[in-house]
S.K.: 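Handing you this structure, nothing more for now.
Indexing begins at 1, ligand by ligand and atom by atom, following the structure's order.
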Amino acid sequence: MKRGYRLLYFIPLLLILYLLLDQYVFYTKAVFPPATVFSGKSIYNPYAQLDTSDAVVANFHAHAKAWGGLTNGKGSAQDIWRRYDSMGYAFHGVSQYFNIDTFNHRAINYVPVYEHGINLRKTHQLVMGATSVAWKDFIFPQTLDNKQFIINKIAEDPHALIVLNHPNMLNGYQVDEMKKLYNYDLIEILNPQAQSLPHWDAALSSGRAVFGIANDDVHNVLKNSLISRFYTIVYGSASEAEGLYNALKLGSHISVWAPKVAADDLAAKKRKIESAKKLLLSVKVLNETVHIQFSKAIDTIQLIGNNGKCLRMERMKNAISYQFTPSDTYMRVEFVIEDGSRFYMNPFFRY
Ligand SMILES: [Zn+2]
């Protein structure tokens, strides 16, 4: 009997030992492409096929009640659809941990999505378009090799669009690591828990062509104040999942940070979203010059370049042009409108 009890102690200890060895001793070493910079005479325009008549809004990160209430999430997948629908969203991902929710899976705007990651530092990924869940994870604080290994594991599914979630949360991804990581598509630059612009600039300054995305990461969709704070405006998706994946791969979208207005009900939020969708009029690249036109004068426009450096700031302009200098490898645009909403455009970069 006593021996039986002792064995009971040993089983969890052995399991922890196995996990530690698997993660820190017998791990796969990653081979990283060299850190480089964007170079070439051409400038990539993520908005080259901009169709301003087809601007829709999306949220891909929302948790409902799941796993018998074990994970943090209130409301149902149906609530997530209903609430975001009433604000006019075209896409609303239900991102349970390690589970692809199938509510409304026959709808053309259904996006299969799940959040990958069960580990102490919250090194999480949002996986869109996948056909099945990749289960492998490392639960202790992950090394750079561990992080790349997991990304590569998820990327074995050729349909998976991979987002590095809230990098700045608990240092899930360090800024320096972003200079090396690859094989993913997007960075969740805006999330209520963590804004990760330095991470994005580190990746871009190392020649990683990755785009930004903004999500509510809501765990209680029934609370007005928690929804529509962070969203993504997508152009040219035709409100279909396939069109969405194409747009996200091109970078034909903008990340938005809306201010917290306690009095706003869903109708008020919808009105603000509708006007945000109309802000961008045209984005052209001619030779090495980027031209952007807005539908009205914008309070503040900031151009950001290599390593997050501010290249220029303008106030109350409804258009802006910027000619790349020989040392500019990329340039991205942030702008703020009068109600405090902030917009983060995807980067223009040399190729
Ligand atoms: Zn997460």
S.K.: Taking the six-membered ring for Trp, is the centroid-to-centroid distance between Tyr89 and Tyr84 below 6.0 Å?
M.R.: yes

S.K.: From Glu115, does some N, O or S atom reach closer than 2.8 Å to the Zn ion (ligand 1)?
M.R.: yes

S.K.: Between Asp201 and Lys309, is there a side-chain N and carboxylate O pair less than 4.0 Å apart?
M.R.: no

S.K.: Got an N, O or S from His166 under 2.8 Å of the Zn ion (ligand 1)?
M.R.: yes

S.K.: For the rings on His291 and Tyr322, is their centre-to-centre separation under 6.0 Å?
M.R.: no

S.K.: Is the Tyr235 to His253 ring centre distance short of 6.0 Å?
M.R.: no

S.K.: Would you name the N/O/S atom of His124 that lies closest to the Zn ion (ligand 1)?
M.R.: ND1

